[in-house]
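First listed ligand is number 1; within each ligand, the first listed atom is number 1.
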Amino acid sequence: MRISVFGCGYLGAVHAACMADLGHEVVGIDVLPEQVQRLNHGQAPFFEPGLDALLSDGTASGRLSFATGAAAAAEATVHFVCVGTPQKKAEFAADLRFVREAVTGLLPHLKPGDVVVGKSTVPVGTAEELADLVHEAEPEAELLWNPEFLREGFAVEDTLRPDRFVYGVGDTDQARRAAGVLDQVYGAALAAGTPKIETDLATAQLVKVAANSFLATKISFINAMAELCEATGADVTSLADAIGHDSRIGRRFLNAGLGFGGGCLPKDIRAFMARAGELGVDQALTFLREVDSINMRRRVRMVDLAREVCGGSIVGRRIAVLGAAFKPDSDDVRDSPALSVAAQMQLQGAYVTVTDPKAIDNAAKKWPDLTFATTVEDAVAGASVVLVATEWPEYVALDPGELRGWVDEPRILDGRNCLDPQAWREAGWTYRALGRR
Ligand code: UDX
């Protein structure tokens, strides 16, 4: 099938490359010429495992190309909208500018039978508004809503083999025919038995924010338990293991620590609260305010813990922060808890050096006042405190004995509860973590 993908960021670039991998002819469209140029050379503009290979295969085969103008979509019949919906400045609500620009740019190129598929995370009600625009421009074109659930670091896998498809479909024969076209796009995964939930537009838009709100709530729940553990001398990791054995609860997303960050969870729960307010049902989501607060408190607590292990002050102390990305296997530093803590400690008088296997460039752009090192050895040289802020496998596997020789004072803060406390203590380190003795 001939496909266009509007927006070539984390979502769109992966979607375009995966659709080409499935055998479709794909053009990715983005407003940033440098991004388009890189993608046309088969290079991902960010780190995502497996993406470079798909991009170079796709561009070499001729099935995948990238362009800057909406006119490039004219030959396609299925148009995916994958642009970002960031949080508005000084407001909780989502900024829908890019979604509206993408759809408005596409309208003059729509033909009878074309299908516009929204994938961006939007406030409920947006799809209905966009569907009206599509019908006004081309009555025989249709808009569906098909949210994505991809996780950074697993984006290729999640796109090629999703755990479910959700289609938001209007109540007309034309809309149902459009859903049939989307079935052809996803033919391989559907044939392999991937579940599909076909529902109305409003539900499809809500599914995405509901899923992310649930995940954020689960993380903040365990982090609230961590606060209780800190007050009682209990251990949050054992607690998570114990409650996680109950299959109704499950162990996943119960890792206590610095909490959630990234380009999705924080802004999605806020946009959801803002939308609930507009709909007059803000009470339904007031608990998300608490979820957000618990999450943010963890960052403050970590700075306090650093102060505590330094005997009351971090002023003039050398602190090494291992990890800048909001999670491992990503170079994304958007709302990264690691960087937020690093910056706070620096602002409070510590000399902070940050390292990360992939995210140093992005981190340095965001926080140029921090010092960056390319290796763990350089980052921890002369440090009084080492903070593991992102659980990259290489940090989890660090040898406490070897690291001891590089630091000034052996104090380790485990911001992700990913280290073995006993091994670090036995190697002579003062080990502290959130929610643990
Ligand atoms: C999330 C959703 O998982 C995905 O389905 C959606 O499409 C986009 O948003 P992502 O932003 O890639 O994906 O990150 P995710 O893996 O959900 O992690 C989010 C944050 O939560 C990270 O900062 C991570 O470190 C943190 N986290 C995760 C915890 O603190 N504890 C956990 O147990 C799990």
Please list, one pair per line, the donor and acceptor atoms closer than 3.5 Å that link side chains of residues 373-380 to other protein atoms, with sequence neighbours excluded.
{"from": "T375", "atom 1": "OG1", "to": "D378", "atom 2": "N", "distance (Å)": "3.0"}
{"from": "T375", "atom 1": "OG1", "to": "D378", "atom 2": "OD2", "distance (Å)": "3.4"}

Every residue of the protein that comes under 4.0 Å of ligand 1, judged on heavy atoms: E148, F149, L150, R151, E152, K208, N212, L215, I219, F253, L254, N255, G259, F260, G261, C264, L265, F326, K327, R416
Taking the side chain as everything from C-beta on, heavy atoms only, tell me whether F272 gets closer than 4.5 Å to N212. no
I need the full list of side-chain hydrogen bond (donor to acceptor under 3.5 Å, both in side chains) pairs touching residues 283-295, with sequence neighbours left out, sorted by first then second residue. R270-D292
Check: S65 main-chain N/O paired with T59 side-chain donor or acceptor under 3.5 Å: no
Mind listing the side-chain donor-acceptor pairs of residues 16-29 below 3.5 Å, one per line with the distance, residues two or more places apart or on another chain?
{"from": "H24", "atom 1": "ND1", "to": "M1", "atom 2": "N", "distance (Å)": "3.2"}
{"from": "H24", "atom 1": "NE2", "to": "V185", "atom 2": "O", "distance (Å)": "2.9"}
{"from": "E25", "atom 1": "OE1", "to": "R2", "atom 2": "NH2", "distance (Å)": "3.4"}

Heavy atoms only: give me the nearest G50-V156 pair and the separation to one decimal. C-CG2, 4.1 Å
